[in-house]
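Letters A, B, ... are given to chains in the order of the sequence lines, protein chains preceding strands, and every chain is numbered from 1.
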Amino acid sequence: MKYWLFKSEPDEFSIDDLAAKAKQTEHWDGVRNYQARNFMRDEMRVKDRAFFYHSNCKEPGIVGTMRIARTAYPDHTAFDPNDKHFDPKSDADAPRWFMVDVKFEKKFKRVITLQELKTSSEGELKGFPLVRRGNRLSVMPVSREHWQFILSLL
DNA sequence: GCCAACGTTGGC
DNA sequence: GCCAACGTTGGC
């Protein structure tokens, strides 16, 4: 089993939004970065675990956990000219972008802030992309050791 | 294939 | 709202 982290701007889609969905499950659309896509398309498996990270907000940080509920399939929002994430180079015959389904698991009682995580960037979390300066990956792998260390902060 | 220009991300 | 860092685009 693998571990992941997904970023989302809470103004767009928060962990509470996910928890409020039918079956507490939603597709993770809008990823338009090749590295992130490859993780989703090639490596994610049902039941893999993932952190939900709130970005671009007052208190950026990890707010809870999810499970992968469905392996990758084409991101239909790329086909829709009216969608914010429309990509004319992607169509149903040759989809360029993919998404997985995620299922809400747990919301933490407190946010594990980016600031807090950064204090371990040269220690327990060395090599974790999230705490690397200038990191822009919206979907990234988390090692088993990093996953467990982060949970131990709660 | 290089690299400057541009657009986007995301912390602050 | 600013701006540094990064990915993508396109001219050459």
K.L.:
How does the hydrophobic cluster around A:Y34 look, that is, which other residues are in it when side-chain heavy atoms under 4.5 Å mark a link?
P.N.:
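Result for A:Y34 is A:W97.
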K.L.:
Please state whether the rings of A:H146 and A:F128 are parallel, tilted or perpendicular, taking 30° and 60° as the class boundaries.
P.N.:
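Judged by the thresholds at 30° and 60°, the geometry between A:H146 and A:F128 is tilted.
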K.L.:
Rounded to whole Å, please give me the gap between CZ in A:R96 and C1' in C:dT8.
P.N.:
11 Å
K.L.:
Nearest whole Å is fine: how far is C:dT9 C1' from A:Y34 OH?
P.N.:
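For the pair A:Y34 OH and C:dT9 C1', the rounded distance is 11 Å.
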K.L.:
Is the shortest heavy-atom distance from the side chain of A:I150 to the side chain of A:L117 under 4.5 Å?
P.N.:
yes
K.L.:
Looking for any heavy atom pair under 4.0 Å, which part of the strands does A:K58 touch: base, sugar-phosphate only, or nothing?
P.N.:
nothing
K.L.:
Do the side chain of A:D48 and the main chain of A:R45 share a donor and acceptor less than 3.5 angstrom apart?
P.N.:
yes
K.L.:
Considering just the side-chain nitrogens and oxygens of A:K89, establish if one lies under 4.0 Å of OP1 or OP2 belonging to C:dT9.
P.N.:
yes
K.L.:
Round to the nearest Å and state the distance from A:N135 atom CG to B:dT8 atom P.
P.N.:
19 Å
K.L.:
Let's see if you get this right: which residues in residues 3-13 of chain A place a heavy atom under 4.0 Å from DNA chain B?
P.N.:
A:K7
K.L.:
Assuming nearest nucleotide by heavy-atom distance, tell me which of A:N56 and A:G134 is located more 5' along DNA chain C.
P.N.:
A:N56
K.L.:
Taking CG from A:N33 and P from B:dT9, how many angstroms apart are they, rounded to a whole number?
P.N.:
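It is 10 Å, rounded to the nearest whole Å.
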K.L.:
Rounded to whole Å, how long is the line connecting atom NE2 of A:H85 with atom P of B:dG7?
P.N.:
18 Å
K.L.:
Is the ring pair A:W147/A:Y3 parallel, tilted or perpendicular, if the boundaries are 30 and 60 degrees?
P.N.:
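Judged by the thresholds at 30° and 60°, the geometry between A:W147 and A:Y3 is tilted.
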K.L.:
For A:R32 and A:T77, test the side chains for any donor-to-acceptor distance below 3.5 angstrom and give the result as yes or no.
P.N.:
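Judged by distance alone, the side chains do pair up.
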K.L.:
Whole Å only: how far is the CD atom of A:Q35 from the P atom of C:dG7?
P.N.:
7 Å
K.L.:
Over how many whole Å does the gap from A:L117 atom CG to B:dG11 atom P extend?
P.N.:
11 Å
K.L.:
Send over the distance from A:D87 CG to C:dT8 P, rounded to a whole Å.
P.N.:
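Going from A:D87 (CG) to C:dT8 (P), I get 12 Å.
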K.L.:
Please tell me if the side chains of A:V63 and A:F108 come closer than 4.5 Å, counting only heavy atoms from C-beta onward.
P.N.:
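No, side chains not in contact.
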K.L.:
Within less than 4.0 Å of OP1 or OP2 of B:dT9, is there a side-chain N or O belonging to A:Y53?
P.N.:
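Checking A:Y53 against B:dT9: no side-chain N or O falls below 4.0 Å of OP1 or OP2.
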